[in-house]
Every structure is written in C-alpha cells, then in structure tokens.
Amino acid sequence: MTSETYRNPVLDADWSDPDVVRVGDDFYLTASSFGRVPGLPLLHSRDLVNWTLVGHALERLEPAAEFAAPRHDCGVWAPSLRYHDERFWIFWGDPDRGVFQINAPRIRGPWTRPHLLKAGKGLIDACPLWDEETGEAYLVHAWAKSRSGVKNRLTGHRMRPDGTELLDEGKVIVDGDRIPGWFTLEGPKLYRHDGWFWILAPAGGVETGWQGAFRSRGFFGPYERRIVLEQQDTEVNGPHQGGWVRTPSGEDWFLHFQQRGPYGRVVHLQPMRWDEDGWPVLGNDGAPVAVHRRPDLPPQPPAAPATDDDFPGGRHGRQWQWTANPGEGWATQHSADGLRLTCLRSADAHDLRRLPNVLTQRLPGKPCTAEVELRLDSDEPGARAGLAVLGDAFSWIGLQRGPDGTAHLVHRFAESVAEAERDAAHPRLAPEGRARLRIEIGAGARCRFSADTGDGFRPSGPVFAATPWRWVGALLGLVALAPAGQGHAGTATFTRFRVTPV
C-alpha cells in the first residue's frame, strides 16, 4: 500500500449499519448504537479514509425507564444521515417502538429530542428523501420479522417536508418475495439521481448476502433491480448496507459494512461508477476491493476514532458508552486524571451482561493489547472492579475486597448459556489494592488475560474467545460494582487506559 492507496476496512471496528453525507468539504458518518448510551455516534472525515469521532446525537434512550437496564440488541437500529434545509437530519427505527427523527443546525448539535414519526412494531432502517426539484418529501423503511412477522419488503410513504408527519398509510414499493432468490431485503437508502428514484439496499443476510440497486421513474414504483456488489472470490463476506456519497470533484463512493463475528460490523469504502445503462457499479466490477486508489480529495494525516484515555478530571472520552441510560453519580469528576467509578450495588453483580453501569468501547478489529491501571478504593466486602471483554459470553479481570478487608486479584467468566460467572483462575492477594490489568487480543479475538499486582505481569486463566451479541460486536469494558445492600460502597479509580496494536 502506498500514500496514493488505502486498504479496507477503513473503520476496523463495529461501526454497524453506516450512513454518510457530504456537506461542503466535510464528510459525516453515523452508525447503529443499539442499547448503548450516548447513542448515534457522529464521525468526521475529509478524505473518506481517515475518520475521527466528534460526538453523539442522542444523549439518552427513550423511554428512559425501558433503557434503565441493558437491552443490548434493541434501541437504535440502522440510522440514515442527511443534510437538508441547512440542517442535519437522522432517521432510525427502534424495532419495538417505530421510526424516529432528530435534527440539528450543526453536526455537534444541539440536536432535537426524538420525534416519533411512525409508531409500530418492526419498523426499521428508515431513510428520508427530499426531492429538491419538486419540493416533495418521502420515507422508506424495512421490516423486522421478529417484531412484526413481516420481512423482505420495503414500504414507502409521502412525508411532510418538515419531517414531522407521514402523509399516507404507506405502500409496499419493493416486495422481495416476488424476486426469485431474494430474501431478507432490508437497509434501504433512498436517493434521486439522473431522473430516477434510487434505492440501494442489501439482501441475503448480513453474513452471506449482496448489495442491490433499485430504480424507478416514480417513487412508488415499479422498480427495476440489479445486484451491484457481492462477495465473488474475495474475503469480504456479505457486503452489506451502507451509503453513497459524491465528492466535490464528482467522484462517487460507497461505504458499507462487513460482518466479522466478535469484531462486529467493520466499514469498507468502495469506488462507484455508472455504466452505459445508467446503473451503479460498485467495487471492482461488483466485487469488493481490498486496496484501491484513494479518493480525489486533499491529503489528510492518518486518523482513527480514539481508543486511549487518561480520563482528565475524571471525564471519559467520546469513545465510551454505557450499557444503558446512566444514573447520577456513577462517575465522579475531580481535579486529577483517572476515572473514578462508584461501586454500584446490584443484585446482578454476578453477571456483567445485566449491569447498566459497564462503560464500554468497541473491540478493535486487529490484534492488540488493552491495558489499564486500577485502584480499588472501597473497603466494602464484595466490592470489585475490573477490565472486561463483554458479549454474549464475557470475561473480566480485576480486584475484589474480601470479608477481612484484603484485596484479591480475581478473574471470572461466563459462557453464553451460563446465568452467572465463575472463576477463570484462583484468586490471589493484591496487597496494595492496586493492579495493572491487561488483555492481549489475538487473531480471531482470542483473549489472554494477565495482571501485575506488584511483582510483574503474570498470566491468568485459559484463553477466552470473545463472542458478539446477536447484532453487536464484543466490547471492552470497565466496571465497578458491589453486592446488594445499603449505603455507599466506595469507588474504584482507573488510570492510563491504552490500546496498543501488536
């Protein structure tokens, strides 16, 4: 690879269901955030290759009471990001509640509170279109069979141009059941180009499918179709939903995801052109590219969403998300560096998957080492804190206060079918109540745990294979907790969180 080329994936972590828009010389991307808070991440780029995380559009999930506990695969599914009438707009489907919309004058906000545009079960993957020629506005969405009993079809509506109301009952505009060989049609992105209405939408499942293109002279159809991107003989399984964007010089590019097991949905950048019949051609004549010439855009310094954190003043960086809506006092701001987490009392202390107070970030897609320093400032028997790999199965290493006040290094895990954790290694004394914790994440997200309690790093337990949730990749997490009871259970302080490629 040279300075004139890039290598896929351009975002090598779980930035699921990406959509992209250009405003001037800037490109912005958002992605699914499911049940994590804050939601709707906002990324920025000047060259479509180097991306940084600049914020989130959704401070809390609503209704707040429903997301006070983790709902890892629920919440915000497959958002669409658009710029219209000098405002940014994001539409998404909550599979349990319906289609929502928020908007803002600037990418960093302030964003409006979520507006429920269409209530219902199983409404997902919503995307708006404003037809600049006619002033008409439209919305298309897909269906989740798990909630509605319906899938493999796209429903279209006329919409008020202010995005506040749909103007009809909706009509199925593409029925995948009528297309031989097609199944699980979803993730539509709606565009107007060259006199046609265009829908770019995947089908065939996230791990095995393909990207389709549909076009019609009228929004409600009928639509012609073509497969425009599929795995062919590449290693990119099921190139799935994403968004089309055009550069100032007129180049076309397509960003989409690839499902990679415990790493979640990583993001690829494909070149895009139009053939003599006016159809889009993605990648290398319909096959995903691994290495390609960079977009014709001004050179940019290398960049990627942050992972490391010194937690200045007790504040965590944008890369961190809670596993549910956070409560007051979970993290304490102070004058020094370090994340001071309250050892939150919980009857679910035996299962990290049930805890809302796990602070997480995405598992990197390449081998790396994650390391953090921990001081357990709680004297409460049973209080504990540590560094975790969290998914359908989980494992964590950290410190726990014993009944006699001593601190022990503990390493615990739970397989996906287990209802409670158990020891992955025998506890050992941590005399100072401090430890350096380390997870070496190798190929296939196989994790080796180790810790230094004052006598150098020593390995702990067997290798743990990280696992995803149903739709979400595995996560790195920091947690502090205590058994159920009364009164304040003290705190734990994390410092110098580092992720180092290996």
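Remember, predicted model here, so these are calculated numbers, not experimental data.
Environment of CZ in R428: crowded, with over 12 heavy atoms of neighbouring residues, nucleotides or ligands closer than 6.0 Å. Within a 6.0 Å sphere centred on CZ of R448, heavy atoms belonging to other residues, nucleotides or ligands number 12 at most. Heavy-atom neighbours of E415 CD from other residues, nucleotides or ligands within 6.0 Å: above the threshold of 12. At most 12 non-hydrogen atoms from other residues, nucleotides or ligands lie less than 6.0 angstrom from NE2 of H426.
What you find for G187 and P202 is that their closest heavy atoms are O-CD, 3.6 Å. Taking both residues in full, the closest heavy atoms of W77 and S32 are given as C-OG, 3.7 Å, listed atom of the first, atom of the second, then distance. Taking every heavy atom of both residues into account, A385 and L374 meet most closely at O-CD2, 3.3 Å. What you find for G122 and S148 is that their closest heavy atoms are CA-CB, 4.1 Å. The minimum heavy-atom distance between A383 and C343, with the atom names listed, is CB-SG, 4.3 Å. The minimum heavy-atom distance between P105 and P110, with the atom names listed, is CD-O, 3.6 Å.
Ion pair R318/D309 not flagged as a salt bridge, since none of the NZ, NE, NH1 or NH2 atoms sits closer than 4.0 Å to an Asp/Glu carboxylate oxygen. A salt bridge is absent between R97 and E62; no separation between the charged side-chain nitrogens and carboxylate oxygens falls under 4.0 Å. Comment: E440 does not engage R446 in a salt bridge, judged by the lack of any side-chain N to carboxylate O separation of less than 4.0 angstrom.
H84 and W89 have tilted rings, their planes meeting at an angle from 30° to 60° on a 0 to 90° scale.
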Yes or no on side chain to side chain contact (heavy atoms under 4.5 Å, CB included) for F27 and V245, after CA distance, side-chain angles and deciding distance?
-> CA-CA 9 Å; F27 300 91; V245 69; 3.7 Å; yes
Given the rule in the side chain to side chain contact (heavy atoms under 4.5 Å, CB included) test, do D19 and I90 qualify, once you have shown the distances and angles that lead to the verdict?
-> CA-CA 10 Å; D19 195 25; I90 299 178; over 6 Å; no
Apply salt bridge (Lys or Arg N to Asp or Glu O under 4.0 Å) to the pair R470 and D392, showing each step before the final yes or no.
-> CA-CA 8 Å; R470 188 174 183 188; D392 190 28; over 6 Å; no
Taking it one step at a time, do L341 and V479 satisfy side chain to side chain contact (heavy atoms under 4.5 Å, CB included)?
-> CA-CA 8 Å; L341 294 183; V479 65; 5.9 Å; no
Would you sort out whether F497 and E373 count as a side chain to side chain contact (heavy atoms under 4.5 Å, CB included), showing the intermediate values?
-> CA-CA 7 Å; F497 182 89; E373 297 175 10; over 6 Å; no
Could you give me the CA-CA distance, side-chain angles and deciding distance for F413 and F464, then say whether ring-ring contact (aromatic ring centres under 6.0 Å, His included) is met?
-> CA-CA 9 Å; F413 80 103; F464 171 79; 7.2 Å; no
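In this structure, N8 contributes its side chain and L269 its backbone to a donor-acceptor pair below 3.5 Å. In this structure a side-chain-to-backbone donor-acceptor pair under 3.5 Å is missing from D85 to R87. In this structure, Q319 contributes its side chain and D308 its backbone to a donor-acceptor pair below 3.5 Å. Using a distance-only test at 3.5 Å, with no hydrogens or angles considered, no donor-acceptor pair links the side chain of D348 to the main chain of L355. No donor-acceptor pair closer than 3.5 Å links the side chain of S378 to the backbone N or O of T491. Remark: side-chain polar atoms of H157 are not paired, donor with acceptor, to backbone N or O of L166 under 3.5 angstrom. Remark: the backbone N or O of R22 is not paired with any side-chain donor or acceptor of Y83 at under 3.5 angstrom. Using a distance-only test at 3.5 Å, with no hydrogens or angles considered, no donor-acceptor pair links the side chain of R147 to the main chain of K121. With hydrogens and angles ignored, the 3.5 Å screen pairs a side-chain donor or acceptor of N50 with a backbone N or O of A303. Within the 3.5 Å criterion, the main-chain N or O of A414 finds no donor-acceptor partner in the side chain of S395.
Note that CD1 of I397 is 13.0 Å distant from CZ of R436, once rounded to the nearest 0.5 Å. Remark: L43 CG to L11 CG distance equals 6.0 Å, nearest 0.5 Å. Taking CG of D12 as the start and CD of Q258 as the end, the distance is 9.0 Å to the nearest 0.5 Å. Atom CD of Q300 sits about 7.0 Å away from atom OG of S45, to the nearest 0.5 Å. Expressed to the nearest 0.5 Å, how far NE2 of H256 lies from CD of Q241 amounts to 11.5 Å. Separating the CH2 atom in W320 from the CZ atom in R36 is a distance of 12.5 Å, to the nearest 0.5 Å.
For D14 and S16, the side-chain atoms include no donor-acceptor pair closer than 3.5 Å. With no hydrogens or angles considered, a side-chain donor-acceptor pair links E186 and H240 at under 3.5 Å. In the model, N103 has a side-chain atom that pairs as donor or acceptor with a side-chain atom of Q101 under 3.5 Å. Side-chain atoms of Q259 and R265 form a donor-acceptor pair, as typed in the model, at a separation below 3.5 Å. Between H44 and D26, the side chains place a donor N or O and an acceptor N or O closer than 3.5 Å (distance only, hydrogens not considered). In summary, the side chains of E59 and W111 do not present any donor paired with an acceptor at a separation below 3.5 Å, with no hydrogens or angles considered. A side-chain N or O of D377 and one of T493 form a donor-acceptor pair less than 3.5 Å apart.
Using a 4.5 Å cut-off on side-chain heavy atoms (C-beta onward), L42 and Y28 make no contact. Inter-residue side-chain proximity for T369 and I441 is flagged as unmet; no heavy-atom pair is nearer than 4.5 Å.
Geometric assessment of R438 against the ring of F457 yields a positive cation-pi assignment under the 6.0 Å and 45° thresholds.
For F494 and F311, the ring centers sit 6.0 Å or farther from each other. Separation of the W15 and W51 ring centroids does not fall under the 6.0 Å cut-off. Taking the ring centroids of F254 and W244, they lie at or beyond the 6.0 Å cut-off.
Screening R401, R434, H408 for a side chain to side chain contact (heavy atoms under 4.5 Å, CB included) with L376, the sole residue that qualifies is R401. Between W92 and the options L58, I124, D125, a side chain to side chain contact (heavy atoms under 4.5 Å, CB included) holds for only L58.
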